[in-house]
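Both counts, for ligands and for their atoms, begin at 1 and track the order of listing. Nothing here was measured: the structure is a model prediction, and the numbers come from that model.
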Amino acid sequence: MVKNDPFANATKQVNDACDVLGIKDKGIREYLAMPNRILRVKIPVTMDNGKIRVFTGFRSQHNNDRGPYKGGIRYFNPEGGVEYMEREVMALSSWMTWKCAIVDVPLGGGKGGIYVNPKTEKLSENELERLTRGFAYKISEVIGPEKDIPAPDVYTTGKEMTQIMDTFSKLNGNKYSPGVITGKPISMGGSLARNVATGLGAAYTVREAAKAIKLNLKGAKVVLQGFGNASTFAGEYLEKMGAKVIAVSDSKGSISIPKGAKVSKIIEHKQKKGSVVGFPGSKKISTEELLTTKCDVLVPGALENQITAKIANKLQCKIIAEAANGPTLPEADPIIYKKKILVIPDILANSGGVCISYLEWVQNNMGYYWTFDEVANKMEKNITKGFKDAYALSKKHKIDMRKATMVLAVERVLEAFDQKGIWP
Ligand code: NAD
């Protein structure tokens, strides 16, 4: 048994949604929870010193009732080891199924990766390429533009995606196959707006949440935890909607900027000094002080497990937009709900990323490419509708938004499953 099994959490969320929907049938619950397939592969690599090293890789394909599997490939070595990683990718593939269903893109859920930490293990560029191409070869039979479309994730970038696409294309008789993978550089068939997608999508969901609770975003105070891709773009787009960033953090510390500051100025400072800490007019604060700052919108956009029960009791915000994956512990959810803080759960708040990945795949399949605004507008429609549908369900069933998004997603997957039935 794996400790703190993430797949057990994913299964519990499915069962909770089934409880709300009155689905008692154990078979249907199991069908929804279990991945369709988990591929575990051995990847032998000749290292630069001539020795062979064997890596372990995974691809979990959770559900494809609504369309091809979709989800990232991470290079990581979680503390629990290889067995833990297998359970982790199973859980992550399940969350991808629900994420795609919420924003109503016709894709299913997948996730994969290799048990390796390219940063701490200092693999050379050549070793990494051999590893990536070896993995692509081993999973090549189960991926493809109509089967399963991976994307970048922890410690993988457009570079690895290009190598996977190239390996796949060559294995398939040199058939140019950009649609086998997303998150590609623009020159390799990537999509405009993909770089800002997660933050922009989070900002759209905040705009809808603000409307729902009648909060005026003009002058609304925003706190960002983390200052990377997801959180900086969320901050910049919220700023364009009239809000003001009053506290931020990164791995070196947290700061409060009582008068507020332009995100672009904080970025400039971080680029020069290597951290947000020391920003002119700011005061250094603790992580707890950052998260519990009195504000309108809190965007946890960095790490998992940040909002504990203790923090939840002290929160002073009106909206939480979970740009990061899993920032809130289950123990905190009932406390936050009781405090009437509106949570936009991760599978909705950060779904702008997968939404634009979907649009990248569509453009690859068409061989025709849209402008930034065309892509962003399409994503806006999907994510806005996802928020509205989930919010309506939360009111209807008197449940929090985390449960409501799962109920919505499970309903949509079941609708497809009901049409197809079981065969063979
Ligand atoms: P990133 O690497 O660009 O940024 C991470 C930020 O977190 C950095 O600023 C880093 O300094 C900060 N950080 C690290 N440790 C910290 C700490 N202890 N306290 C405060 N800040 C700390 O990563 P990202 O792509 O922005 O991803 C952030 C989160 O968003 C992750 O949970 C990721 O899974 C999720 N997410 C990202 C995307 C995407 O498209 N980028 C999509 C979906 C979900």
For each nitrogen or oxygen atom of ligand 1, which protein N/O atoms lie closer than 3.5 Å, and how far apart are they, rounded to 0.1 Å?
unit_1   : atom_1 : unit_2 : atom_2 : d
ligand 1 : 3 (O)  : Asn229 : N      : 2.9
ligand 1 : 9 (O)  : Phe227 : N      : 3.0
ligand 1 : 9 (O)  : Phe227 : O      : 3.4
ligand 1 : 9 (O)  : Gly228 : N      : 3.2
ligand 1 : 11 (O) : Ser251 : N      : 3.1
ligand 1 : 26 (O) : Asn229 : N      : 3.1
ligand 1 : 26 (O) : Ala230 : N      : 2.8
ligand 1 : 30 (O) : Ala323 : O      : 3.4
ligand 1 : 32 (O) : Asn325 : N      : 3.1
ligand 1 : 34 (O) : Asn325 : ND2    : 3.0
ligand 1 : 40 (O) : Thr198 : OG1    : 2.6
ligand 1 : 41 (N) : Asn229 : OD1    : 3.2

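- Judged by distance alone, with hydrogens and angles left aside, the side-chain atoms of Arg194 form no donor-acceptor pair with the main-chain N or O of Ser357 at under 3.5 Å.
- For Glu360 (side chain) and Lys184 (main-chain N/O), a donor-acceptor pair under 3.5 Å exists by modelled atom type.
- Note on ring orientation: taking the six-membered ring where Trp is involved, the planes of Phe387 and Tyr391 are parallel (angle under 30°, cut-offs 30° and 60°).
- Note: Glu208 CD to Leu348 CG = 10.0 Å, rounded to the nearest 0.5 Å.
- Contacts of Tyr358 classified as ring-ring contact (aromatic ring centres under 6.0 Å, His included), with partners at least two apart in sequence or in another chain: none.
- Side-chain atoms of Tyr31 and Asn36 form no donor-acceptor pair, as typed in the model, at a separation below 3.5 Å.
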